[in-house]
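This report refers to the structure that appears directly beneath it.
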Amino acid sequence: MKKIDVSSYQNIVVLTGAGISVASGLRPFRGEGGIWNDADVERYGHVSVLEREPHGVWKLFGGLRQTLQTAQPNAAHLALAALERSLKPEQSFLLITQNIDGLHQRAGSQNIVDLHGTMERSKCSDDNCSSQAFVDSRPHLEHLPLCAVCGAPLRPDIVLFGEQLPDEAMYRSKKALRDVDLFLAIGTSGTVSPASSFVRSAEYVGARTVLINLEPMLHPNPSFQEEILGRAEEILPRLFGLDV
Ligand SMILES: [Zn+2]
C-alpha cells in the first residue's frame, strides 16, 4: 500500500461511518449482526416516538449510551487525530462523521462535524425551547428525563429516523467540500448518501478521492478514484505513516 503524503494537500476532508468503530466493539446498529432488530428501530428510532411514547427513545438509546461509555477509540480514530495534529497551520482538515459514538472526540480529533449528532449529549425535545444541548452520561432507563427550562421530555442529541440532518452540519460539510483536494471516506459504503454525494462534490472540484472499507463497493461508484480494502484500524496508521 502506497502512503498518502498529506503534506502535499491543502484541504483535507474525511468522512467516517460505522466501519471505523467496529474494532472498538461497536457493531452497526442495523442489518446483519446489528445490535437492534428492525422492529425496535422502527418503533423507537423514528422521530414520531417523541410524541407517542417519549421514554421509548431512551429504551432504545439509553443502553447504547452505557455501552459507549466503556468503548475505547481504536487505532483508526487515533490515526485521524494524529493526522490532524500533524498538519501545518495553513492546511485545513474537517472530519465529518456519521457515527454518534463520540469516539473521534475522545481520540482527540478537533474539527469535527457530527452529521447525525452525538449520544454524548441530551437536549430538549421542543425545538422552540431556549435550552442548549448538554453533555449527559445518564442512560435514563428508569425515568423519563425532563427539560429544566420548559418541562418537555429530554431526548438524545442525535438525528432520529424521519428527521433532517442538522443545517449547521450540512453547511459546514458542503463548505469544506467546495475546495477540498483530498477526500477520504472510511468505514462507510461509497454508494449511498451522504458518501455518494460528498464524493461527487469532491471529484467535481478536482480532489483526490479514496474509499477505505472492509467490503468492496457492490456497485462501484466511479467518483472514487481509489479503493483500499481492509480494516481501518490497520490501514490508516500505515497509510499516513503515523505511529499511534
Ligand atoms: Zn425545554
Side-chain angles (χ1 to χ4, degrees), residues 15-18 20-21 24 26-30 34-73 77 94-176 193-194 197-198:
L15 172 71
T16 66
I20 200 169
S21 295
S24 295
L26 300 178
R27 286 171 288 158
F29 301 145
R30 305 186 74 161
I35 51 180
W36 297 317
N37 64 44
D38 282 357
D40 280 346
V41 171
E42 250 137 63
R43 182 161 174 208
Y44 298 123
H46 193 272
V47 62
S48 61
V49 76
L50 293 175
E51 286 205 355
R52 203 176 62 229
E53 192 188 346
H55 201 195
V57 73
W58 291 106
K59 288 179 184 159
L60 189 64
F61 292 102
L64 174 66
R65 181 173 269 176
Q66 288 179 311
T67 303
L68 294 179
Q69 282 158 7
T70 61
Q72 294 299 324
H77 299 105
L94 184 67
L95 175 55
I96 307 168
T97 185
Q98 297 170 259
N99 299 338
I100 58 176
D101 54 36
L103 291 177
H104 286 302
Q105 282 86 347
R106 282 161 57 193
S109 286
Q110 296 291 320
N111 201 23
I112 305 178
V113 166
D114 290 308
L115 209 52
H116 293 166
T118 171
M119 274 309 297
E120 301 208 311
R121 291 192 302 261
S122 298
K123 67 176 184 181
C124 182
S125 58
D126 183 348
D127 289 337
N128 299 316
C129 179
S130 61
S131 63
Q132 299 285 320
F134 61 96
V135 174
D136 184 9
S137 60
R138 296 161 297 172
H140 302 299
L141 294 171
E142 303 295 323
H143 303 288
L144 175 65
L146 301 176
C147 172
V149 173
C150 75
L154 291 177
R155 56 171 288 183
D157 186 14
I158 58 171
V159 177
L160 297 170
F161 292 102
E163 287 188 296
Q164 300 281 333
L165 298 180
D167 288 339
E168 198 219 346
M170 283 309 283
Y171 174 78
R172 286 179 63 204
S173 302
K174 286 178 178 168
K175 190 159 172 268
S193 187
S197 59
F198 286 180

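Atoms within a ligand are numbered from 1 in the order they appear, just like the ligands themselves. None of these values were measured; they are calculated from a predicted model.
Taking CG of L64 as the start and CG of D101 as the end, the distance is 8.5 Å to the nearest 0.5 Å. Atoms NE2 and CG, on H46 and L60 in that order, are 13.0 Å from each other to the nearest 0.5 Å.
Counting heavy atoms from C-beta on, the side chains of P194 and L115 come closer than 4.5 Å. Looking only at side-chain heavy atoms (C-beta outward), T16 and H77 stay at 4.5 Å or farther from each other. Using a 4.5 Å heavy-atom cutoff, the side chains of L95 and N111 are not in contact.
For the 3.5 Å distance criterion, the side chains of R106 and S24 fail to qualify, holding no donor opposite an acceptor.
Excluding waters, the set of protein N, O or S atoms lying under 2.8 Å from the Zn ion (ligand 1) comprises C124 SG, C129 SG, C147 SG, C150 SG.
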